[in-house]
Structures are given as C-alpha cells and as structure tokens.
Amino acid sequence: MISVEEALKIVLSNQYETTVSEVPLLSSVGRILAENILADRDFPPFNRVAMDGLAFCFEKIDFQKITIKNIQFAGEAQKILQDVSKGIEVMTGAILPFGCDTVVRYEDINIQQEGEVKWASFSIPNEEIKKGQNVHLQGSDRKAEDVLLEKGIKISPAEIAVMASVGKSKVQVLSTPKIAIISTGDELVEIDKTPLAYQIRTSNAYMLAAALQQIGVETSTFHLIDEEKVLYQKLKEIIATYDILLLSGGVSAGKKDFVPAILADLGLEKLFHKVAQKPGKPMWFGRTPTGKIIFALPGNPVSTFLCFCKYVLPTLKSEIKHEEVILDKDIIFKPDLTYFVPVKTYFEAGKMMAKPFLGSGSADFANLTDCDGFVELPTQKQVFTAGEVFGFIRFRGL
Ligand SMILES: Nc1nc2c(c(=O)[nH]1)N[C@H]1C(S)=C(S)[C@@H](COP(=O)(O)OP(=O)(O)OC[C@H]3O[C@@H](n4cnc5c(N)ncnc54)[C@H](O)[C@@H]3O)O[C@H]1N2
Ligand code: MOO
Ligand SMILES: [Mg+2]
C-alpha cells in the first residue's frame with residue numbers, strides 16, 4: 001500500500017494531456033488561455049478626451065476668454081485647432097484635436113454666445129486648471145506589442161474585454177477533457193424513485209457532478225450494476241468516448257467489487273490500488289495506453305468526496321492554494337494511515353481554527369454539511385493535539 005504523498009505524486013505525474021483548441025471569444029470565458037495576448041496598438045491608441053468640455057493649448061490661451069471654434073465628436077477624424085489661442089469643444093472618447101493639450105469640463109466653464117461668436121470663461125479658479133488634465137495619453141496604459149494577458153490564466157469578463165479590444169474574435173484555450181462520472185452498485189436507485197428497505201438513493205454521482213460544475217467542468221453521468229459483463233461492455237464504451245473517468249464504488253474486498261479486475265481486463269495500466277489513508281483506502285488509479293485517466297473512488301460517500309478533493313481536483317484546477325488550520329481539539333488515531341477528518345473552520349484572534357466532526361465514519365456524509373473541508377493528519381503521529389497546525393483541504397467555496 002502506498003502513502004498519500006506517493007499517491008498524489010503519481011496522480012500529478014499522470015495527468016490527462018490537454019490539447020489546445022480555438023473557440024469564439026465568448027465561449028472562452030472560464031477556460032484557460034493557451035496563447036499570449038499582445039496589444040495590437042497602444043492603449044489608448046490615441047490621445048483620448050476623458051471628459052466632455054473644452055480643449056485648448058494650455059500655454060497659448062487667454063484664461064479670461066477663450067473663443068470657441070468647432071466641435072470634435074467621438075468617432076470623427078482628428079480636427080486641427082488652426083488658431084492655438086482658441087478652444088474647441090470635445091466629447092469624451094474623441095481624439096484630442098491637433099494643437100490642444102488640456103480639457104476643462106463643461107461643468108467648469110460658462111459658455112456665452114454673441115451672434116456667430118461663442119466663447120468660454122472658467123467658472124473655477126485658474127489655479128485649479130492643470131496642463132494636460134482630462135487627456136488620457138496615447139500608450140499611457142499599455143504600449144503596442146506589450147503582453148496584455150499571459151497564457152495559463154483563467155479567462156474572466158475582464159480578460160474578455162481586453163481580448164475584444166485587440167480584435168481577438170477567436171481565442172486559443174486549453175481543451176476541457178470530457179469527463180464521465182460512473183456510479184456502480186446494485187443497492188442504488190435513482191433519486192426520483194422510492195428505495196425499497198434494502199436500497200438507497202444514489203448520491204455520489206450528484207456530489208461529483210456538482211463539485212465539477214462549481215469549477216466550470218461539465219460531465220456526463222452513468223450508473224452501472226454490479227455485473228461483470230455489463231461493467232466490461234459499458235466501461236469499454238465509456239472509455240472510448242471520454243478522456244477522464246470517475247468511478248465510485250466496487251473497488252474494495254467485496255464479492256461484487258469487480259471494478260479493479262474489469263479495468264485490468266480492459267487493458268488499463270494500474271498505477272496504484274489502495275492508499276494508506278482513512279477514509280478512501282481502497283482507491284484505484286490508472287490509465288489507458290493512450291493516456292486516458294481513470295479514478296476509481298471508493299463508494300462510501302465521504303471516501304468518494306475526500307479522494308475527489310485530494311486527488312482529482314488538483315489535476316483539474318489550474319491553481320490549488322495550500323492552506324493550513326489549527327486543530328481546536330485533541331484527536332488520537334493509531335492506525336498507520338493518513339487520517340482525513342471533516343472540519344468546520346472559524347477564525348479566532350486572526351487565525352483559522354478547525355473544529356473536527358468525527359461523525360460515524362466514511363458513510364456519514366450528512367456530517368459534511370456542517371463542515372467546509374478536511375484536515376490532513378499525517379501517519380507519523382498518533383496524537384494530534386489542540387493548537388497544532390495541519391494541512392487543510394477546502395471543499396466549500398471551490
Ligand atoms: N473486507 C473489507 N471490506 C471493506 C474494506 C476493506 O478494506 N476490507 N474497505 C472498506 C472501505 S474503507 C470502503 S471506503 C468501502 C469501499 O467500498 P467500495 O468502493 O467497494 O464501494 P461499494 O462496496 O460499492 O459501496 C460502499 C458503500 O458506499 C455506498 N455507495 C456506493 N456508491 C454510492 C453512491 N453512488 N451513492 C451513495 N452511496 C453509495 C454503498 O451503498 C455502500 O454502503 O469498502 C469497505 N469495505
Ligand atoms: O475509506 Mo473507507 O472510506 O474508510 O470507508
Ligand atoms: Mg464494496
């Protein structure tokens with residue numbers, strides 16, 4: 001049996017190799033960018049008027065009375081202020097007229113008109129007017145050819161705006177693997193059925209699908225009965241269509257726990273079976289010769305969820321924060337296994353504390369609703385004392 005550390009290392013060094021695909025800009029939100037995005041021109045691309053008002057040349061005007069010539073609207077080619085002692089009305093988003101360097105808002109001027117002649121005077125003290133004000137200078141945000149977005153980042157609406165502004169109607173993103181969630185077990189019925197006395201409703205597949213949905217990954221779900229021929233045939237079909245399989249149940253020592261043997265019959269390479277951990281000891285992990293990845297998670301719901309959070313999530317999320325918590329209660333655990341205990345975290349004097357919920361074991365998934373993660377208690381110790389710091393695997397707010 002291998003340790004938790006070895007198991008995680010094997011999982012991380014056998015990840016599904018994602019390929020790059022090109023998608024329409026809007027379809028790229030939530031995906032991982034697979035190319036650097038460069039500025040195609042300066043940001044802003046011209047000296048942009050930032051306020052509606054009057055533009056002029058600061059050094060050349062008479063501060064008492066500025067004759068107004070012309071209007072520069074947004075979307076118009078640059079106008080030229082022929083007589084630099086005069087001003088020109090400008091609108092936000094327009095290119096600053098040639099010959100001007102400063103803009104004063106309409107709110108800060110009084111405009112008067114006599115016949116054909118229109119002039120402005122300032123309604124604020126002259127000292128408040130600064131040369132260059134209200135002009136968003138060309139290239140002041142970014143220069144042409146600057147890297148605006150680096151590959152590897154997760155695309156949000158802010159990145160969509162940047163890519164739209166540089167004309168990326170199609171974007172290269174990492175392809176998302178096709179994931180199948182397969183629950184197994186004769187005792188399970190669908191959630192809209194009333195279980196008989198010896199049956200239960202299936203919940204693992206919903207739990208896994210929901211966890212993946214939270215990180216923007218879509219899945220397909222299947223349920224298979226504990227029947228060797230059915231498992232062999234259906235798993236063969238699913239492996240042909242999907243890139244990553246998440247199975248739950250059928251991996252332990254029971255007479256109908258066929259999953260490991262069937263996966264071997266299907267020609268999969270077993271990378272490990274059984275990890276020195278509680279819960280989740282019977283976990284199986286392997287791959288196909290073509291690099292498709294199979295996680296066969298133990299069926300007890302807390303085991304399924306812990307194995308998912310500890311091993312599956314790090315392969316699908318671009319970044320996983322390493323977190324630590326302070327245990328708030330002594331725990332004694334003697335077996336030579338890493339012990340993952342559901343905990344509820346809270347803050348005390350600025351430190352993150354963890355209150356353990358031992359519940360009644362790995363089938364007690366109702367317990368998880370009181371918790372927000374697992375604390376990881378290492379094998380090397382048997383007594384874990386209140387006040388000690390341990391690793392924390394968060395599952396709430398993924
Ligand atoms: N003799 C041994 N027995 C068991 C061992 C062992 O080492 N020796 N390991 C125990 C541990 S630890 C676990 S965890 C379970 C793992 O069992 P399997 O992966 O074989 O899963 P099943 O036998 O199919 O089911 C176990 C349990 O989980 C429930 N289950 C399964 N699927 C679902 C689902 N989709 N939704 C809700 N609940 C599910 C199932 O009804 C069983 O109660 O084995 C121990 N036994
Ligand atoms: O790991 Mo089992 O998960 O202890 O019930
Ligand atoms: Mg079993």
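We count ligands from 1, going down the list as the structure has it; atoms in each ligand are counted the same way. Note that the numbering runs from 1 along the sequence shown for the chain.
- Shown in contact with Ser303 at under 4.0 Å from a heavy atom are these atoms of ligand 2, numbered in order with element: 1 (O), 2 (Mo), 3 (O), 5 (O).
- Looking at ligand 1, you'll find an N or O of Thr202 within less than 3.5 Å of one of its N or O atoms.
- Taking CD of Glu323 as the start and OG1 of Thr345 as the end, the distance is 8.0 Å to the nearest 0.5 Å.
- Ring pair Phe295/Phe285 is tilted by interplanar angle, where 30° to 60° counts as tilted.
- Both the backbone and the side chain of Pro298 come within 4.0 Å of ligand 1, counting heavy atoms alone.
- Neither the backbone nor the side chain of Pro298 comes within 4.0 Å of ligand 2, counting heavy atoms alone.
- Checking only distances, Gly250 does come within under 3.5 Å of ligand 1, N or O to N or O.
- Heavy atoms of Thr304 found under 4.0 angstrom from ligand 1: none, in either backbone or side chain.
- Between the side chain of Asn47 and the backbone N or O of Gln138, at least one donor-acceptor pair lies under 3.5 Å.
- At least one heavy atom of Pro282 sits closer than 4.0 Å to an atom of ligand 1.
- Atom 4 (O) of ligand 2 has as its closest protein heavy atom Ser362 OG, 3.6 Å.
- Between Arg201 and Glu190, none of the side-chain N atoms (NZ, or NE/NH1/NH2) sits under 4.0 Å from a carboxylate O, so this pair counts as no salt bridge.
- Checking side-chain atoms of Asp146 against main-chain N and O of Leu148 turns up no donor-acceptor pair under 3.5 Å.
- In Asp257, the part holding a heavy atom less than 4.0 Å from any atom of ligand 1 is the side chain.
- An N or O contact shorter than 3.5 Å is missing between Gly280 and ligand 1 by distance.
- Proximity of Gln72 to Ile95: side-chain heavy atoms (C-beta onward) are separated by under 4.5 Å at one or more points.
- Taking the side chain as every heavy atom from C-beta outward, Arg31 and Ser21 approach each other to under 4.5 Å.
- Using a 4.0 Å cut-off to heavy atoms of Ala253, the atoms of ligand 1 that qualify are 1 (N), 2 (C), 8 (N).
- In the hydrophobic clustering, where aliphatic and aromatic side chains (Ile, Leu, Val, Met, Phe, Trp, Tyr) are joined below 4.5 Å either directly or transitively, Leu247 groups with Ile182, Phe222, Leu224, Leu231, Tyr232, Leu235, Ile238, Ile239, Tyr242, Leu245, Val251, Phe258, Val259, Ile262, Leu263, Leu266, Leu268, Trp284, Ile294.
- Side-chain atoms of Phe58 and Lys130, non-hydrogen and from C-beta on, never get closer than 4.5 Å to each other.
- Here the side chain of Thr385 pairs no donor or acceptor atom with the backbone of Glu388 at under 3.5 angstrom.
- Residue Lys281 approaches ligand 2 through these ligand atoms, each under 4.0 Å from one of its heavy atoms: 1 (O).
- Of the heavy atoms in Ile200, only side-chain atoms (C-beta onward) come closer than 4.0 Å to ligand 1.
- Where the criterion is an N or O separation shorter than 3.5 Å, residue side chain and backbone included, Ser183 fails it with respect to ligand 1.
- Under 3.5 Å, the side chains of Thr304 and Ser248 contain no donor-acceptor pair of N or O atoms.
- Neighbouring protein atoms of the Mg ion (ligand 3) (N, O or S, distance under 2.8 Å, waters ignored): Asp257 OD1, Asp257 OD2.
- Of the possible polar contacts, none joining the Gln214 side chain to the Ala211 backbone as a donor-acceptor pair under 3.5 Å is found.
- Ligand 1 has a nitrogen or oxygen under 3.5 angstrom from a nitrogen or oxygen of Val251.
- Polar contact check, Asn300 against ligand 2: a nitrogen or oxygen pair lies under 3.5 Å apart.
- For ligand 2, the polar-atom distance check against Gly280 finds a nitrogen or oxygen pair separated by under 3.5 Å.
- Phe340 and Phe374 have perpendicular rings, their planes meeting at more than 60° on a 0 to 90° scale where under 30° would count as parallel.
- Using a 4.0 Å heavy-atom cutoff, Ser203 is listed among the residues neighbouring ligand 1.
- When atom types are taken as modelled, the side chain of Ser252 and the backbone of Gly254 share no donor-acceptor pair closer than 3.5 angstrom.
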